Amino acid sequence: MKLHWITKADQLPDTLIIPLAGGDALEGALQDLANTYELPADSLRHDVKAKKNEIHLLYGRGGKRLFLLGLGESPDFATAQLAFRTLSHQRREQLSPRIGLGLAGRGHAMDTAELLDAACNGLALGAYGIGFLKQEEPAAHPLDEEEAELCILTPKPATDDMKGRAFRGLTLAATQRRIFDLVNAPSNHKTPEDLAGWARKAGQAFGFTVRVIEGQELLDLGLHALLAVNRGSEFPAAFIIMEYQPDGLEEAAPRVGLVGKGVTFDTGGLSIKPSQNMHLMKSDMGGAAAVFGAMEATARLRLPVHLIGIVPATDNCVDARSVKPGDVIESYAGKTIEVINTDAEGRLILADGLAYMCKHFEPDVLVDLATLTGSAVRALGYHAAALFSANEPLGQSLLEAGRRTGERCWLLPLWDEYAEDMPSDVADLRNMGTRPVAGAIFAAKFLEAFTDDHPAWAHLDIAGVALKQGPFAKDRSATAFGVRLLTDWLHGLAGKNPFRQPA
Ligand code: BES
Ligand code: ZN
Ligand code: ZN
């Protein structure tokens, strides 16, 4: 979808979207529309409330087709993005490749640049089709066609800020859609090797380096916890290392380490899961997907940060060779782990990812993301990721990024009391607590043990938010949670380095 900026209404295409906020400004905005397009003002006033996701298709003067799009009262980025995505998805049959976006009035009640990001992002995300494995490819969305164009009407010439945000919205949507595909893909279409291939291709296309550790080298280096989880698998594990460092980056620029859980399918292993929702465990690489997406988006947007991404990848399967409950395994950090429950596998592979990151890259700030625990889902449901950080400014910066992007996070504690039952009788650590309480916090404490006391580490448990039920697919489907959150957060770090420790 190309962007085209105009200031004269006579250059608008026939199909137009006009975003409207509810509240005080609505009446005036409707009156203006009635005048401009010869619409019945009383009927507009009666029927158009501009509630969230409310859509009216009206026909106005000069053969114009007008979509009035409700944003609700005092809209923010997330509500606007969802409204545009809903329109794009629901009304694909009525849209055409050339559409106009009417921002000449002030009826949208938002910062124009922010609204442009939301509109571009939402329209492009709404064009996403999930049916990439169907025999017959579903018809392309009009906005995905070669000639697709969004004509943006602003009262004054668009500012650099507006153009930049619109570009960000589109760029991010392109990456988010690639991440949707990755998370929605069934496990037989995304072995660890496939994930490594995905990363290599993205690195080549957008400018970051990729190194994949496989086979004997994993053993030689001592990535034992990853290998332990991989024992039951028919597919070899992969340890994927990505690095983005733009030319001419200042030494003072932040060095950021991201680690993502890349479990391509989680059966639970011998501590096998019930079968009811097991098919959704194809999304147990949601943390890895967020890291992939953040790498790609950061490179595409040329953000001035040094970014390192690590994804330990394997599935967690049942086999005669699988790790058994009670087995003691080694880890990259040297600590031994008693595997009480083979279904607590994410923390094992992340332990190696985190330890490797700290040892080899010494990042100023370290964030890991993982679909780690059912406990996080029970605590926060499907509306927020569980965030853990002992570094208050870091936690706050991620909370704020969550608020800005709608990819919400909520802080949970990391008090040492939660780890009282972590020491094992036979090994250094147990991978599961002794009581069925506060499982997400125990898991976070377990990870903490592998961060080498990093002063700026945050953990995001995204088990509840990596997938979402409707309205864009029938079953739960990928959200690409973390991609926008991390990109926005990294954008905020540009030109600063609040997490560098004094030498
Ligand atoms: N991948 C699961 C966590 C999960 C649950 C993700 C629901 C998405 C939705 C993880 O590997 C797991 O099974 N965790 C166990 C840990 C327990 C055995 C200590 C859990 O949360 O039940
Ligand atoms: Zn598991
Ligand atoms: Zn898992």
Side-chain angles (χ1 to χ4, degrees), residues 183-184 187 190 192 195 225-226 228-233 237 259-290 311-318 322-327 337-353 368-386 412 418-419 421-422 424 429-447 459-469 475-479 481-482:
V183 176
N184 289 330
S187 78
K190 55 176 175 201
L195 292 190
L226 172 61
V229 175
N230 186 245
R231 282 185 64 85
S233 179
V259 181
K261 170 178 173 182
V263 171
T264 57
F265 194 85
D266 186 8
T267 68
L270 291 175
S271 315
I272 196 165
K273 288 182 180 295
S275 51
Q276 173 118 72
N277 279 322
M278 205 203 271
H279 67 290
L280 298 177
M281 282 300 129
K282 67 179 184 179
S283 67
D284 211 18
M285 35 60 77
V311 167
T314 177
D315 58 14
N316 183 26
C317 283
V318 182
S322 295
V323 166
K324 301 173 192 74
D327 283 0
I337 304 163
E338 184 183 8
V339 180
I340 301 292
N341 190 312
T342 64
D343 199 8
E345 83 298 342
R347 64 198 71 181
L348 302 179
I349 70 170
L350 285 172
D352 278 0
D368 77 79
L369 300 97
T371 49
L372 204 60
T373 67
S375 162
V377 190
R378 286 189 290 277
L380 296 170
Y382 305 110
H383 306 296
L412 293 180
Y418 286 98
D421 55 350
M422 195 143 47
S424 153
L429 307 166
R430 302 160 51 100
N431 77 332
M432 185 179 134
T434 52
R435 283 177 292 269
V437 298
I441 308 179
F442 183 94
K445 291 302 285 182
F446 183 91
L447 297 181
H459 159 59
L460 279 160
D461 190 334
I462 61 169
V465 292
L467 295 180
K468 196 175 166 72
Q469 183 68 58
D475 203 347
R476 273 174 252 179
S477 68
T479 59
F481 187 101

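Sequential numbering from 1 along the given sequence is applied to the chain's residues. Indexing begins at 1, ligand by ligand and atom by atom, following the structure's order. Keep in mind that what you see is a predicted model, and the values were worked out from it rather than measured.
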Q. How close do Gly482 and Leu369 get, heavy atom to heavy atom, and via which atoms?
A. CA-CD2, 4.4 Å
Q.
For a side chain to side chain contact (heavy atoms under 4.5 Å, CB included) check, start with the C-alpha distance between Val311 and Met285, then their side-chain angles and the critical distance, and finish with the verdict.
A. CA-CA 9 Å; Val311 167; Met285 35 60 77; over 6 Å; no
Q: Have a look at Met281, Lys261, Arg476 and point out the one with the heavy atom closest to atom 4 (C) of ligand 1.
A: Met281
(Q) Considering non-hydrogen atoms of the protein only, which is the closest contact for atom 2 (C) of ligand 1, and what is the distance? (A) Asp266 OD2, 3.6 Å
Q: Can you sort out which atoms of ligand 1 are near Thr371, meaning under 4.0 Å from one of its heavy atoms?
A: 1 (N), 2 (C), 3 (C), 6 (C)
Q.
Return the closest protein heavy atom for atom 19 (C) of ligand 1 as residue, atom name and distance.
A. Met432 CG, 3.5 Å
Q | Heteroatom proximity flag, Thr373 to ligand 1, N/O under 3.5 Å | A | no
Q: State, yes or no, whether a side-chain contact exists between Pro312 and Leu226 at a heavy-atom distance under 4.5 Å.
A: yes
Q) With no hydrogens and no angle check, is any side-chain donor or acceptor of Lys282 less than 3.5 Å from a backbone partner on Lys190? A) no
Q: Please verify whether a non-hydrogen atom of Arg378 lies at under 4.0 Å from ligand 1.
A: no
Q. What is the nearest protein non-hydrogen atom to atom 22 (O) of ligand 1, stated with its residue, atom name and distance?
A. Gly374 N, 4.3 Å
Q. Is Tyr382 close to Lys468 at the side-chain level, that is, under 4.5 Å between some pair of heavy atoms?
A. no
Q) Can you tell which of Val339, Leu270, Leu348, Val229 makes a side-chain contact (heavy atoms from CB on, under 4.5 Å) with Val323? A) Val339
Q.
As a check for students: among Arg430, Arg347, Glu345, identify the option with a heavy atom nearest to atom 16 (C) of ligand 1.
A. Arg347
Q) Is the shortest heavy-atom distance from the side chain of Leu372 to the side chain of His459 under 4.5 Å? A) yes
Q) So, Asp343 and Ser271: side-chain donor and acceptor under 3.5 Å apart, yes or no? A) no
Q) So, Thr371 and Asp284: side-chain donor and acceptor under 3.5 Å apart, yes or no? A) yes
Q. Atoms of ligand 1 less than 4.0 Å from Asn341 heavy atoms?
A. 18 (C)
Q.
Counting non-hydrogen protein atoms only, what is the nearest one to atom 15 (C) of ligand 1? Give residue, atom name and distance.
A. Asp343 O, 4.0 Å
Q | Protein N, O or S atoms lying under 2.8 Å from the Zn ion (ligand 2), listed by chain and number | A | Asp266 OD2, Asp343 O, Asp343 OD1, Glu345 OE1
Q: Indicate, as side chain, backbone, both or neither, the part of Leu372 found under 4.0 angstrom from ligand 1 when only non-hydrogen atoms are considered.
A: backbone
Q | Check: Arg347 side chain, Asn431 main-chain N or O, donor-acceptor pair, under 3.5 Å | A | yes
Q: Quickly, which of Asn316, Asp266, Thr267 forms a side-chain contact (heavy atoms from CB on, under 4.5 Å) with Lys273? Name it, please.
A: Asp266
Q | Numbered atoms and elements of ligand 1 in range of Lys273, under 4.0 angstrom, heavy atoms | A | 2 (C), 12 (C), 13 (O)
(Q) Determine whether Phe442 and Thr373 satisfy the following criterion, side chain to side chain contact (heavy atoms under 4.5 Å, CB included), listing intermediate values before the conclusion. (A) CA-CA 10 Å; Phe442 183 94; Thr373 67; over 6 Å; no
